[in-house]
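Heavy-atom basis, side chains included; hydrogens, waters and symmetry copies ignored. What you see is a predicted model; the values in this text were computed from it and never measured.
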Amino acid sequence: MRVLVVTAVAAERDAVVRGASAAAAGTAGADEAPGTAERIAEEASGPVAEFAVPGYVLHRPAPAGPEPLVIDVLAAGVGPAAAAAGTATALAAAALSGSPYGLAVSAGIGGGFTTPAPGRSAAVGSVVVSEAIVAADLGAETPAGFVPVTDLGFGTVEHRPPEALVRAVAEAAGAQRGEVLTVSTVTGSAERAAALVAARPGALAEAMEGFGVAEAAAAHGVPVLEIRAVSNPVGPRDRAAWRIGDALEALAGASAALREALRAAPAETWSTS
């Protein structure tokens with residue numbers, strides 16, 4: 001089984017590769033405690049192969065012996081359009097080669113909402129696995145407020161990953177499950193953060209690529225998942241509160257857990273709820 005993991009930037013890609021490499025080498029597993037990604041980075045070993053597809057380079061951690069699970073990691077660029085373009089290119093290239101992907105994963109760091117219902121706040125350094133991937137700002141502004149594109153009679157604003165896979169990955173990673181919102185403009189005020197949560201009460205995280213990956217995956221009939229490690233609270237942009245390094249460590253740990261969960265989860269459950 002082949003899995004495509006799509007990140008925005010190289011630092012996220014490298015964190016995913018470190019985590020997946022550690023899992024393949026047997027240095028990490030589903031019972032790893034949170035915050036172990038620095039050790040994962042030190043212990044992970046094994047070659048990482050690079051493969052060119054038109055316009056992009058895929059990074060593939062070495063598989064664990066003869067196991068059939070292959071994970072390719074692609075840094076496609078920032079924003080939903082770049083994510084969709086990179087994902088579609090990789091999926092099409094794989095399909096044309098006769099070895100299609102069975103799963104697409106949007107992975108990276110992002111903002112965590114601190115205003116949802118009690119007990120559902122996504123703290124900095126935590127991990128969120130998507131129950132739904134939502135285009136939060138795709139629509140129109142009207143005198144009555146924002147209207148999603150679906151209310152205008154077009155397209156979709158939500159993709160739902162396979163429930164069984166969401167549960168398996170969240171359990172393996174020690175992550176929360178919730179909605180991950182895709183935005184083209186990062187939230188910069190408390191008022192906007194509150195408006196997003198009011199529109200989508202299940203939101204736990206915000207990022208910029210998930211919906212693009214999901215749209216491309218849907219076009220190819222491939223299941224999709226999103227994993228976000230929280231680097232900052234959603235709201236006013238206080239760079240002093242950002243913990244990008246901690247989030248990248250958490251992403252590496254979640255990537256190791258992802259590989260372990262995929263090893264254990266029957267592939268036939270990925271496209272069912």
| field | Over all atoms of both residues, closest heavy-atom pair of T187 and R237 | value | O-CG, 4.3 Å
| query | Can you hop from V73 to Y101 via hydrophobic side chains spaced under 4.5 Å? | reply | no
| task | Check L204, L181, V230 against F113 for a side-chain contact (heavy atoms from CB on, under 4.5 Å) and give me the one that passes. | result | L181
| query | Are V129 and L165 joined in one hydrophobic group, where the rule is that I, L, V, M, F, W and Y side chains link up if heavy atoms are under 4.5 Å apart? | reply | yes
| Hey, is the main chain of A20 close enough, under 3.5 Å, to the side chain of R259 for a donor-acceptor pair? | yes
| remark: CZ of F146 to CG of L138, rounded to nearest 0.5 Å, is 6.5 Å
| Step by step, would you call S106 with R228 a side chain to side chain contact (heavy atoms under 4.5 Å, CB included)? | CA-CA 8 Å; S106 176; R228 290 291 162 182; 3.1 Å; yes
| field | Value rounded to 0.5 Å, distance of CD in E131 from CG in L225 | value | 11.0 Å
| task | Begin with the C-alpha distance, continue with both residues' side-chain angles, and end with the deciding distance and a verdict on side chain to side chain donor-acceptor pair (under 3.5 Å) for S126 and Q176. | result | CA-CA 8 Å; S126 68; Q176 293 188 84; 4.6 Å; no
| field | Point-to-point distance, once rounded to the nearest 0.5 Å, from CG of L248 to CD of E12 | value | 7.0 Å
| query | Does the side chain of M208 reach to within under 4.5 Å of the side chain of V78, using non-hydrogen atoms? | reply | yes
| Applying the 4.5 Å side-chain criterion to the ILVMFWY set and letting contacts propagate, would V105 and V6 be lumped into a single cluster? | no
| Separation of L69 CG from E260 CD (nearest 0.5 Å) | 9.5 Å
| Is the shortest heavy-atom distance from the side chain of P100 to the side chain of L91 under 4.5 Å? | no
| note | CG of N232 to CG of D246, rounded to nearest 0.5 Å, is 12.0 Å
| field | Same apolar cluster: V70 and V53, side chain cutoff 4.5 Å | value | no
| task | Not counting sequence neighbours, which residues clear side-chain contact (heavy atoms from CB on, under 4.5 Å) with A132? List them please. | result | V134, E158, R160, E179
| task | Start with the C-alpha gap between V16 and L251, add the side-chain angles, then the distance that decides, and say whether side chain to side chain contact (heavy atoms under 4.5 Å, CB included) holds. | result | CA-CA 7 Å; V16 172; L251 179 62; 4.1 Å; yes
| message | Between Y56 and T87, does the side chain to side chain contact (heavy atoms under 4.5 Å, CB included) criterion hold? Intermediate values first, please. | response | CA-CA 10 Å; Y56 304 94; T87 303; over 6 Å; no
| field | Test item: D137 and R192 side chains (from C-beta on) under 4.5 Å apart, heavy atoms | value | yes
| So do the side chains of M1 and L262 get within less than 4.5 Å of each other, counting heavy atoms only? | no
| V149, V147: one ILVMFWY side-chain cluster at the under-4.5 Å cut-off? | yes
| said: Test your reading of the model: is there a side-chain donor-acceptor pair from E206 to the backbone of V234, 3.5 Å cut-off? | reply: no
| field | Shortest non-hydrogen contact between A229 and A250, atoms and distance | value | CB-CB, 4.0 Å
| said: What verdict does the side chain to side chain contact (heavy atoms under 4.5 Å, CB included) test give for L4 and L58, after you've listed the backbone C-alpha separation in whole Å, the side-chain angles of each residue and the deciding distance to 0.1 Å? | reply: CA-CA 9 Å; L4 176 66; L58 300 172; 4.0 Å; yes
| request: Write down the atom of A10, the atom of A75, and the distance for their closest heavy-atom approach. | output: N-CB, 4.1 Å
| Got a second to check how far I227's CD1 is from L258's CG, nearest 0.5 Å? | 4.5 Å
| said: If we ignore hydrogens and angles and just use 3.5 Å, is the side chain of S189 paired with the main-chain N or O of P236 as donor and acceptor? | reply: no
| Any side-chain heavy atom of R13 within less than 4.5 Å of one from L74? | no
| message | Closer than 3.5 angstrom, by distance alone: can the side chain of R2 be matched with the main-chain N or O of S99 as a donor-acceptor pair? | response | yes
| query | Does E226 reach the side chain of F211, with side-chain heavy atoms less than 4.5 Å apart? | reply | no
| request: Over all heavy atoms of both residues, which pair between G102 and V222 is shortest? Give the atoms and the distance, please. | output: C-CG1, 3.8 Å
| said: For V127 versus A175, what's the shortest heavy-atom pair and its separation? | reply: O-CB, 3.2 Å
| field | Shortest non-hydrogen separation from P161 to I133 and the atoms involved | value | CG-CD1, 4.2 Å
| Ignoring hydrogens and geometry, is there a side-chain-to-backbone donor-acceptor pair from E50 to H59 under 3.5 Å? | no
